[in-house]
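Indexing begins at 1, ligand by ligand and atom by atom, following the structure's order. What you see is a predicted model; the values in this text were computed from it and never measured. Only heavy atoms go into these numbers, but all of them, side chains included; no hydrogens, no water, no symmetry mates.
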Amino acid sequence: MSASAATKKRITALRDQLRQFNHQYHALDEPSIPDAEYDRLMRELQQLEVENPELIDPYSPTQRVGAEPADGFKSVKHDVRMLSLDNAFSEEELENFHRRVTERLGFEVSEPIEYAAEPKLDGAAVSLLYENGRLVRAATRGDGSTGEDITHNVRTISAVPLELIGGDYPRVLEVRGEVFMPLKGFDAYNAKARSSGEKAFVNPRNAAAGSLRQLDPKLTAERPLDMYVYAVGRVDGGELPDRQSEILTRIQTWGLKICPERESVVGIAGCLAFYASIGSRRAELAYDIDGVVYKVDRTDLQKKLGFVSRAPRWAIAHKFPAQEELTVVRGVEFQVGRTGAVTPVARLEPVFVGGVTVSNATLHNMDELHRKDVRVGDTVIVRRAGDVIPEVVKTLVDRRPKGARKVKIPKNCPVCGSEVVRENDEAVARCSGGLVCPAQRAEALKHFVSRRALDIDGLGSKIIEQLVNIDRVKTPADLFGLSRDELAALDRMGTKSAGNLLAAIERSKNTTFSRFLYALGIREVGEATAASLASHYGALNPLLGASEDDLQQVDDVGPIVASRIRTFFDSEDKVAMVNTLIDSGVRWEEAAPAAKSAIGPLTGKIFVLTGTLPSMSRDEAKQQILAAGGKVTGSVSKKTHYLVYGDKAGSKLTTAQNLDIPTLDEAGLKKLLVDQ
Ligand code: 5U1
């Protein structure tokens, strides 16, 4: 039966749309729709072509991946075609893949199939060609057969060795992998771009692809790029192991970087456990991923399975739920935070993204809102990554309906009516009401009782809002004067829960200096700074009297933070509140100031701790290092002197090894502490 006119029309429309999106994505580095939407359209077209094979056209977007090389880059023919991967979007699709693998191999395997599993990085696929150990060419994948020569740009990436090490590598070795921008670098790059009025990247994948396609390598060199290798292409004059997992291990010995989160797993259960494990750690990884990849580990079995058009039959990408989706802005409202910041929040047509239904997304501040040109009625891309607050990342201006409404910042606070002001060129507008404003009061109280502050279990937002609305609680100190009857009279409170809450309030009085400082909600003083202040001063009085210069001697405290701390303690109201808290019974153990005694055998040495140590907690290890005069920081850099690792050490260990930083296990650390 031949296809209906409607089907033909739909196929043509889908092909046109996908061509347009491909061009925007690959040639202009300006993706106009989220990947999830692109995948859906591509799948719809694939399905229609399967159902109507007479309409397949070699020039359909389903018949190739990527785009032609851009002007300005030489074309490169790949000796071995650069494959891409089929996707599984559900457990069922993964099971289908596994069943196909098992059935095709039939009697060849008597044991469960072993897979090499890895995260699927969200970057740009790149081929590196080494001849006699020297990098002679780097290329993009392009359409799989022909890519672009980006050698000059890739040479600027420090993770890519210009010469291999070891000596036992094949005479010709071509490897493939993902160039990506680690999240820290991405955030820092974007923050800098925004502050200097330049264009920020929509996401790290775009940042990587865009950076590689710079015509001037000096610009690429300024981008914090990294690369993990995941496959080999052409190999001449040398032998490689016969398993994917062992090939990667071998490649690593030649100085190429491999994703530290890779694992060998067995059967479908192993794949699913890996998927769950990486999924649960996704938000903590240093890089963006959009799923995991499983590859049949034995290369002899890979050969038997072969491939179809552009993708191997022996590998599959198991995708995570999309983190970006399209939706429509129904309105923009303004929320007032703890420090008075007035934040525009988009009210959205509810959309399922990042595993939950999202109906609100932050627009950060008015500068951001204007930069993204968000108007009521616009179609936008909303992103929800991990537990991060959903945000609007882009407006699709070409879908803007007539009459879409521009958004203006209110002149007065939507909660208390005080004037909204913008201080010294700050991006953030603030309600000038201070603690007169119930919204600021409620947010300050929520912060005060939060888990990492005074940790008052059971004192949730709804209760705080009630207490603020009836004007019973104005400052955190008022919490300690609440009676059981008052609490029991609140909505959703019975006598029993009022009793429990009262006990939790009582318990919270016993705290630590660092928690107390964090709970005060001093602007710019987060947990880490509060901890540094607590250990530097040991007690409240020396901190109250510290000058801005003195404060800047504390780790992490620069001029701005020092001035915020001084402003806080120069306020009579704030000091009175601190005193009332202490009079109400809030207490902590004061200690001798630590930083002044930061002279010891490890003075000047910077440590990073990772993994689980056999006999002490990381905190204990940290205290011992601090006591010996050393410093402990959270991330590995060239400034790190030692990396102390335990069981299940993650990417920090690999980073340290790559930077040639000495690594110590617990015994090594103890020896260092004793020997010095
Ligand atoms: N981690 C990983 N990503 N990735 C992407 N492995 C991997 N393998 C790929 C692709 C395109 O292709 C293989 C078929 C070599």
Side-chain angles (χ1 to χ4, degrees), residues 25-26 35 39 42 64-66 78-88 94 97 100-101 114-129 139-145 147 159 173-182 204-205 208-209 212 226-235 240-241 243-252 256-265 271 274-275 277-279 281-282 285-299 301-320 651 654:
Y25 182 94
H26 291 283
D35 292 355
D39 286 342
M42 180 63 96
R64 71 183 173 107
V65 200
H78 297 298
D79 291 329
V80 178
R81 196 176 154 72
M82 271 183 90
L83 298 175
S84 79
L85 289 166
D86 269 341
N87 294 319
L94 176 67
F97 160 77
R100 284 196 301 272
V101 166
E114 288 168 80
Y115 291 102
E118 281 177 54
K120 184 169 183 299
L121 271 81
D122 223 356
V126 165
S127 141
L128 305 175
L129 180 63
T140 62
R141 180 169 60 202
D143 66 3
S145 305
L173 173 71
E174 193 223 336
V175 294
R176 280 97 190 254
E178 202 82 359
V179 169
F180 61 98
M181 191 176 280
R205 196 248 333 275
L212 288 177
D226 202 339
M227 179 172 183
Y228 288 150
V229 169
Y230 53 63
V232 285
R234 187 176 150 202
V235 180
L240 286 179
R243 281 179 178 269
Q244 161 76 12
S245 50
E246 289 169 16
I247 291 174
L248 293 189
T249 306
R250 179 72 58 84
I251 284 178
Q252 199 171 19
L256 290 154
K257 282 179 80 174
I258 306 296
C259 178
E261 268 75 33
R262 73 189 173 109
E263 268 179 42
S264 294
V265 301
C271 291
F274 183 75
Y275 181 81
S277 153
I278 294 290
R281 286 182 284 142
R282 185 179 185 186
L285 295 176
Y287 42 81
D288 227 9
I289 60 174
D290 61 355
V292 297
V293 180
Y294 316 114
K295 295 175 187 160
V296 172
D297 200 28
R298 277 173 48 184
T299 48
L301 299 182
Q302 290 184 0
K303 280 194 194 93
K304 290 203 166 90
L305 288 161
F307 53 90
V308 255
S309 76
R310 61 184 184 92
R313 288 203 189 91
W314 42 265
I316 194 143
H318 189 183
K319 298 293 245 348
F320 289 135
S651 55
T654 324

Show me which atoms of ligand 1 lie under 4.0 Å from any heavy atom of [X].
X	answer
Leu83	11 (C)
Ala231	15 (C)
Glu118	1 (N), 2 (C)
Pro312	14 (C)
Pro119	1 (N)

Check whether any side-chain N or O of [X] sits under 3.5 Å from a backbone N or O of [Y] as a donor-acceptor pair, and report yes or no.
X	Y	value
Arg262	Ala116	no
Arg313	Leu305	yes
Gln302	Val296	yes
Glu246	Asp297	no

- prompt: With side chains defined as the heavy atoms from C-beta onward, is the minimum distance between Tyr115 and Val101 less than 4.5 Å?
  reply: yes
message: Measuring only between side-chain heavy atoms, which start at C-beta, is Val292 closer than 4.5 Å to Phe274?
response: yes
Candidate with minimal heavy-atom separation from atom 6 (N) of ligand 1, of Arg310, Lys295, Gln302, Lys120: Lys295
task: Measure the distance from atom 9 (C) of ligand 1 to every protein heavy atom, then report the residue, atom name and distance (to 0.1 Å) of the closest one.
output: Tyr230 CE1, 3.4 Å
